[in-house]
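Written out below as structure tokens is the structure these notes cover.
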Amino acid sequence: MKPLSWNEIKDRALKFSKEWQNETSEDAEAKTFWDQLFEVFGVPRRRFASFETSVKRQGRGPGFIDVLWKGKLLVEHKSGGKNLDKAFTQAKDYFPGIADHDLPRYIIVCNFQQFRIYDLEKNEKPIEFDLKDLVQNVKHLGFIAGFQEREFREEDPVNIKAAELMGKLHDKLKAIGYSGHELEVYLVRLVFCLFADDTTIFVDDTFEDYISLRTSVDGRDLAQTLAGLFEVLNTPEEKRLTNLDEDLQAFPYVNGKLFEEQLRIASFDAEMRKMLLEASRMDWGQISPAIFGSLFQSVMNPAQRRNLGAHYTSEKNIMKLIKPLFLDELWEEFGKIKKNKGKLEEFHAKLGKLRFFDPACGCGNFLVITYRELRRLELEVLKSLYGAQLGTSLADVTFCNVDQFYGIELEEFPAQISAMAMWLIDHQMNMEASKEFGEYYRRLPLTKSAKVITGNALRIDWERVVGNKDDNLFILGNPPFGGKHLQSDEQKEDMKFVCPDIPLYASLDFVATWFVKAARFIQDTNIRCAFVSTNSITQGEQVGILWTYLLEKGIKIQFAHRTFKWKNEAKGQAGVYCVIIGFGLSNISKKRLFVYETVISNPNEILAKNINPYLVDFEDEVILSKSKSISNAPKMVWGNKPVDGGHLILEDGEKEEFIRREPKAYKFIKRLLGAREFLHSELRWCIWLVGVDPQILKSMPLVMERIRLVKKMRLNSKDKGARDLAKTPYLFRDTRNPKSFILIPSVSSENRNYVPMGFFGEDVITSNLCHMVPNGTLYDFGILMSQAHMAWMRAVCGRLKSDYRYSSNLVYNNFPWPTSPKEAQKKKVEEAAQAVLHARKEFPDATLADLYDPNTMPKVLLDAHRKLDSAVDACYRKAAFKTELERLEFLFGMYKELVKGEEEAEK
């Protein structure tokens, strides 16, 4: 049975209101009134709602609900002209006697001539109108026919609850041996039916009623009943048996190959039937296809199910990609030509020719949101072309369809979910169009579908999926990430397959392969691409490895979001530090750079002349490792690597005991500082034996025992370098111990605005987890602790997880120091640097980790740093830098000139 259009409903409403406006008799029957009002919407009241339902009331005798549609509507009807103020309270009094899953969303109180509609989910003021105004307000009763406004909230628990219910049903079916491909297809079919039941694909609640009324409570006949229903959904109406059950005949022909495959008949019990009915009583019209797909997939994985809400990509983040990729330009074009019918018709035709491809589509989040936004734009085009009256059917003028969308997914189940989600969002958009133009528009049977294939996208020829490589194609998505130490063997083989001609490709994050594959695919086209990526491909050594290749392929970054935290609202979800990079071969004039003040703030947009691989508005520069400073700065060296198996190192707790037993060793024990010890004021010690007389060594048996263990460890090593060190087992591999030095930790939290550094003397040994600038001055310290150096480091350094990983060859040796600062300027830097050190000393019990935590950084220290930043900035130029990005652009300019000078000097 096909639902009525809005125009048909309005015609019926007008007739109904005229008939009942003249009815003033006290004998007027509420039952007849509501039977006829339901018919206005083409819904037989007797099928869905009961009249005068008896319920128990708390502390009172039984009551009778005038109209109850379980799970949807309760009506409290009063006699003509009666006051409605107390009617709502009376309606709520019935709730304790109604089962939780049958509680209604809507309450209507009515006295024939007046209506008040309460939406209990929105908790807003009731909608009130008179019977004579029914036509103008009929949309507020649209939920009777299944039409209602949907508000999709990403964190809405209805999405998670629905996924959890299907997860439990999945487990039960799997436990009886119904598994694999059959189970996945079966569940997708059930989800389609549940969604269809609440969104007018089926007449409202047809599926729920069929299961509830036509199957036994013990569930033994449910599987057979569903098998029969699936066959009906796959059979055109004209080919169905003439004596087919009336209730089955009410279901539409779906097609789309969703119900085509013959599956084994499953088996249900009473508990499983109860689960399915519980799921059917939910309002699936509230569920977002974009979100539910990922949640649905994650219920199949017990580990993911524990944190179910963490496994979808938020709509906000998807919009960050699709708007600058194509959507903003389309809306801008539409705004310019919306009053020119000829150009608007050409624009409309263009929308129907655009194509979108996600080569790592998962459950289709990006495809679903992209399609929704395309359809919303098309709806505005239709409104501009035709006004309120189409003069033809929506089917004739709706050009955009799901077959404009393509995807590849490694696993079969998410690929199936993706295709289904596209049908579901298509129907939702058809309902939006129906509401706008007053015509019921349902695309059944399903004749078109998104082309989502199962396979390894890194080994599949993409042209086989999308067909012609024309300029109407956009490539987009969120490919999988994975640092080189986290990649599976299969991923490493995929990288080798895609990147054999890229030196050092094994050091790249796995996501880089998608950029490489896309860059090759779009050669000789104007196809535009955009991927979400871990920010590692725009930092550190990966820039030189990846972007040298991409730039040689002619790739230009057309828009980018600098680093932000890719995080959804789900409780317990860890954020990932990401960038979004839009790229192609065209050097477009309008390059958009989105900059974040913090990784969790909203972005500010900048129009850039060029966006380089570091996502800075500057020429395409790739910074490579250098063995010495381009600014002739003091040499930076690593700390000392022990290669001792821990035998020359003492924890703080064992130091005193060791000295008690070996007193002569006291003067050879020095404090050992790695990054953690430095930042958290932790105490570790080492036995430092550089230059010690052999006779003295032999007089310390406990020290000699440790030396023996070091020698044994080194001789047994697989590393030749370590075995060679066995010749001097009393020494660290490195023996750097300058009289004074600046210490720089090799790893520091990304939360810090400043990486803490410090001055030390020869009584301290630095481990290989730190860098040193031997004999560094106060001026050197000031430059290194400045925002100028920090900004450079943040842009250029690599990352360990999300933390900064400082590199002397990449960061320090490429950093442009101020050229020829005046003595007065240098003095100001030194004074400001000393003030920073003094400010630290005001908090002797605080660790550097505490002092440089942005949430606890003392104001006196923050003020000292700001003065230092100003003093250092003044060494670069007179005008202050307004933003970090402006400072970076200036430094890249200096870097370019310094490199150019080096190259000329070498000629």
Side-chain angles (χ1 to χ4, degrees), residues 540-541 543-544 614 616 618-619 621-639 734 736-746 754-755 757-760 766 770-798 804-834 836 868-878 881 887-907:
E541 64 177 348
V543 176
Y614 299 92
V616 172
F618 195 73
E619 298 172 23
E621 291 284 350
V622 174
I623 295 173
L624 303 175
S625 293
K626 291 193 184 316
S627 58
K628 64 178 183 178
S629 168
I630 60 171
S631 296
N632 293 317
K635 186 175 179 61
M636 177 178 284
V637 297
W638 275 107
D734 309 302
R736 303 183 184 99
N737 187 207
K739 291 185 177 180
S740 68
F741 60 91
I742 299 171
L743 181 149
I744 302 95
S746 61
Y754 301 89
V755 173
M757 303 175 191
F759 276 107
F760 292 94
T766 303
C770 294
H771 300 277
M772 296 188 293
V773 178
N775 305 311
T777 66
L778 203 53
Y779 173 75
D780 300 333
F781 175 80
I783 297 296
L784 294 177
M785 283 300 305
S786 71
Q787 272 302 326
H789 183 240
M790 297 300 157
W792 182 261
M793 179 212 58
R794 279 189 282 268
V796 175
C797 78
Y804 304 130
R805 187 175 63 186
Y806 197 94
S807 162
S808 59
N809 289 346
L810 204 57
V811 179
Y812 183 83
N813 288 340
N814 284 300
F815 175 61
W817 287 59
T819 54
S820 305
K822 297 177 181 177
E823 285 302 317
Q825 291 174 322
K826 292 180 68 173
K827 187 175 181 181
K828 284 187 176 182
V829 171
E830 291 168 350
E831 290 171 352
Q834 188 63 62
V836 167
L868 175 59
D869 293 337
S870 296
V872 172
D873 285 350
C875 293
Y876 284 102
R877 70 179 196 185
K878 290 182 180 180
F881 296 105
R887 188 180 281 113
L888 263 179
E889 290 164 2
F890 181 86
L891 291 172
F892 268 99
M894 286 188 66
Y895 170 81
K896 181 184 177 183
E897 292 302 315
L898 288 166
V899 171
K900 184 179 178 181
E902 271 191 343
E903 292 172 349
E904 290 177 352
E906 291 174 359
K907 290 180 181 178

(Q) Around atom NZ of Lys626, are there more than 12 heavy atoms from other residues, nucleotides or ligands closer than 6.0 Å? (A) yes
Q) Taking Ser740 for the side chain and Gly776 for the main chain, is one N or O donor matched with an acceptor at less than 3.5 Å? A) no
Q) Of the non-hydrogen atoms in Asp780 and Pro634, which two are nearest, and what is the gap between them? A) OD2-CG, 3.5 Å
Q: Could you list the residues that satisfy ring-ring contact (aromatic ring centres under 6.0 Å, His included) with Tyr806, not counting sequence neighbours?
A: His771, His789
Q. Of all residues at least two apart in sequence or in a different chain, which pass the side chain to side chain contact (heavy atoms under 4.5 Å, CB included) check with Asn737?
A. Lys670, Trp688, Glu762, Ile765
Q) Sub-3.5 Å donor-acceptor pair from the side chain of Glu541 to the main-chain atoms of Gly798, do we have one? A) no
Q | Shortest non-hydrogen contact from Leu891 toward Ala788 | A | CD1-O, 3.4 Å
**Q.** Derivation of the side-chain hydrogen bond (donor to acceptor under 3.5 Å, both in side chains) call for Asn632 and Ser629
**A.** CA-CA 5 Å; Asn632 293 317; Ser629 168; over 6 Å; no
Q. How would you list, by chain and number, every residue that makes a side chain to side chain donor-acceptor pair (under 3.5 Å) with Gln787, sequence neighbours excluded?
A. Arg794
(Q) Restricting to side chain to side chain donor-acceptor pair (under 3.5 Å), what partner residues turn up for Lys628, sequence neighbours left out? (A) none
(Q) Which heavy atom of Gly782 sits nearest to which heavy atom of Ala833, and what is that distance? (A) CA-CB, 3.8 Å
Q. Is a side-chain N or O of Arg736 found less than 3.5 angstrom from the main chain of Trp638, in a donor-acceptor match?
A. yes
Q. So, for Phe892 and Trp792, is the gap between ring centers shorter than 6.0 Å?
A. yes
Q: Would you check if Val773 and Ile744 make a side-chain contact, meaning some heavy-atom pair closer than 4.5 Å?
A: yes
Q | Point-to-point distance, once rounded to the nearest 0.5 Å, from SG of Cys797 to CG of Asn814 | A | 12.5 Å
Q. Hey, what do you get for OG1 (Thr766) to CD1 (Ile742), rounding to the nearest 0.5 Å?
A. 12.0 Å
Q | side chain to side chain contact (heavy atoms under 4.5 Å, CB included) partners for Lys826, two or more places apart | A | Tyr779, Pro821, Glu823
**Q.** Under 3.5 Å: donor-acceptor pair, side chain of Glu831, backbone of Lys828
**A.** no
**Q.** Student check: side-chain heavy atoms of Ser631 and Leu898 closer than 4.5 Å
**A.** yes
Q: Determine the minimum heavy-atom distance between Gly893 and Phe618, stating which atoms define it.
A: CA-CZ, 3.4 Å
(Q) List the residues meeting ring-ring contact (aromatic ring centres under 6.0 Å, His included) with Phe781, not counting sequence neighbours, and say none if there are none. (A) Phe759
**Q.** Rounded distance (nearest 0.5 Å) linking atom CE of Met790 with atom CE of Met785
**A.** 4.5 Å
Q.
Under a plain distance cut-off of 3.5 Å, with no hydrogens placed, do Ser870 and Asp873 share a side-chain donor-acceptor pair?
A. no
Q.
Nearest 0.5 angstrom please: Lys635 NZ to Ser627 OG, how far?
A. 7.0 Å
Q) When rounded to the nearest 0.5 angstrom, what is the spacing between OG in Ser807 and CE in Met636? A) 9.0 Å
Q) What's the spacing between Phe741 CZ and Phe760 CZ if we round to 0.5 Å? A) 6.5 Å
Q) Side chains of Tyr895 and Ile623: closer than 4.5 Å at any heavy-atom pair? A) yes
Q | Non-hydrogen side-chain atoms of Leu743 and Met757 separated by less than 4.5 Å | A | no
Q: For Val622 and Tyr614, work out which heavy atoms get closest and say how close.
A: C-OH, 3.8 Å
Q | N-O pairing of Glu619 and Lys896 below 4.0 Å | A | yes
Q: For Ala791 and Arg887, work out which heavy atoms get closest and say how close.
A: CB-CD, 4.4 Å
Q | Note, Leu784 side chain near Trp817 side chain (heavy atom, < 4.5 Å) | A | yes
